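Since the structure is predicted, the reported quantities are computational estimates derived from the model, not experimental observations. Because only heavy atoms are used, hydrogens play no part in the values below, and waters and symmetry mates are left out as well, while side chains stay in.
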Amino acid sequence: MPIILPSQMLLDALREKEIIPTVIPEDFAPSIHLDVAFNGKSISSGDILTKEETKNEPQVAFIDTDSLGADGPSSFTIVMADPDAPSRADPKYGQWRHWVQPGLKPADIIGALADATRTGQSVEVQTSEETSIPFATKELDAATPYLGPGPPEGSGEHRYTLLLFREPKDNFTLTASEMGTNEFTQRRNWNVMDFATKKGLTLVGATFFIVVG
């Protein structure tokens, strides 16, 4: 029996739910495993969750092995969008922008351990229960504050898609003012990949969950 890699399982799930190519381009090749946890519980791609379970901003964990060097680690932006607003059958308001959080940094475990060795103090690190990877830290304010799912009653499945982007190294900025407005109705008719191209972001990871309206 052939071995199916986690990245291939993710791609299969994204294609099965037509997130590829509806939201994500066909040539997407994940290079970072993105772990998203609501209320401390990690999700798997395609999990069916409730509005109550996802009303609060999730925690994010990942390891970046591609940018270790003289320039230090990269920073990342995570976004969450719903292509199925108000419904998958009639997505006239999709993609709905639910969250844009720049300035994510993967936890520096090596640095934390070095500090602990130097100071003699214990290190307390909160980790994902699924992967034991430490949760990322936020170095910037949200460009779009998190808004939990709220699919209309009877609208069916909504594919809430979370995408992790590597930020450019030089002079990257992203603020709330650049998003125009974060008022409720002004979050609709967004396109995450157009936004990424404009800001020079590179897609490296993804996951998604479903809430039924």
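Under the 4.5 Å side-chain heavy-atom criterion for grouping Ile, Leu, Val, Met, Phe, Trp and Tyr, L147 is not connected to Y160 through any hydrophobic cluster. Residues V23 and Y93 do not share a hydrophobic cluster, defined by chaining ILVMFWY side chains whose heavy atoms lie under 4.5 Å apart. Under the 4.5 Å side-chain contact rule for hydrophobic residues, I78 and L49 share a cluster. F62 and L140 are not part of a single hydrophobic cluster, where members link through side-chain heavy atoms under 4.5 Å apart.
Pairing each heavy atom of P145 with each of N182, the nearest pair is CD-ND2, 3.7 Å. Summarising the geometry of G103 relative to T77, their closest heavy-atom pair is N-OG1, 4.4 Å, with the distance given to 0.1 Å. Residues S7 and P30 come closest through the heavy atom pair CB-CG, 3.9 Å. Residues H98 and P149 approach most closely at CE1-CA, 4.0 Å, considering heavy atoms. Listed here is the closest heavy atom pair of P83 and T161: CD-OG1, 4.4 Å. Nearest heavy atoms, E53 versus F38: O-CB, 3.5 Å.
With sequence neighbours excluded, the residues satisfying salt bridge (Lys or Arg N to Asp or Glu O under 4.0 Å) with E26 are R15. Considering only residues two or more places apart in sequence or on other chains, T181 meets the side-chain contact (heavy atoms from CB on, under 4.5 Å) condition with E183, Q186. Checked against salt bridge (Lys or Arg N to Asp or Glu O under 4.0 Å), E157 has the following partners two or more places apart in sequence or in another chain: K17. Residues meeting the side-chain contact (heavy atoms from CB on, under 4.5 Å) test with S155, sequence neighbours left out: S87, P151, P152, H158.
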Please lay out, stage by stage, how N189 and Q95 fare under the test side chain to side chain contact (heavy atoms under 4.5 Å, CB included). CA-CA 5 Å; N189 299 123; Q95 302 162 12; over 6 Å; no
Decide yes or no on side chain to side chain contact (heavy atoms under 4.5 Å, CB included) for V100 and L174, but give the supporting numbers first. CA-CA 9 Å; V100 181; L174 180 58; 3.8 Å; yes
Stepwise side chain to side chain contact (heavy atoms under 4.5 Å, CB included) check, R166 with I32: CA-CA 10 Å; R166 188 187 303 277; I32 290 179; 4.1 Å; yes
Before giving the answer on side chain to side chain contact (heavy atoms under 4.5 Å, CB included), spell out for T144 and W99 the whole-Å C-alpha distance, their side-chain angles and the decisive distance to 0.1 Å. CA-CA 5 Å; T144 296; W99 189 30; 5.7 Å; no
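Of the inter-residue distances, the one linking L14 atom CG with I20 atom CD1 reads 4.5 Å to the nearest 0.5 angstrom. To the nearest 0.5 Å, atoms CD (E57) and OH (Y146) are separated by 8.0 Å. If you take CG on D35 and OG on S42, they are separated by 3.5 Å, rounding to the nearest 0.5 Å. Going from atom CD1 of I43 over to atom CG of L34 covers 8.0 Å, rounded to the nearest 0.5 Å.
E18 and R88 are joined by a salt bridge, as a carboxylate oxygen and a charged side-chain nitrogen come within less than 4.0 angstrom of each other. Using a 4.0 Å cut-off between a side-chain N of Lys or Arg and a carboxylate O of Asp or Glu, K105 and E167 do not qualify as a salt bridge.
Using modelled atom types, one side-chain atom of D47 and one backbone atom of S44 make a donor-acceptor pair closer than 3.5 Å.
Taking 4.5 Å as the limit, every side-chain heavy atom of P106 sits out of range of all side-chain heavy atoms of I63. Within the 4.5 Å cutoff, the side chain of F76 has no heavy atoms near those of the Q101 side chain.
The ring-ring contact (aromatic ring centres under 6.0 Å, His included) pairs that include a residue from residues 164-185 are W96-F184, where partners are two or more places apart or lie in different chains.
Counting heavy-atom neighbours within 6.0 Å of D90 CG, excluding the residue itself, gives a total above 12.
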Exercise answer: donor-acceptor pairs, residues 195-213 side-chain atoms, under 3.5 Å, sequence neighbours excluded:
from: T197; atom 1: OG1; to: M193; atom 2: O; distance (Å): 3.0
from: K199; atom 1: NZ; to: T173; atom 2: O; distance (Å): 2.8
from: K199; atom 1: NZ; to: E178; atom 2: OE1; distance (Å): 2.7
from: T207; atom 1: OG1; to: S45; atom 2: OG; distance (Å): 2.9

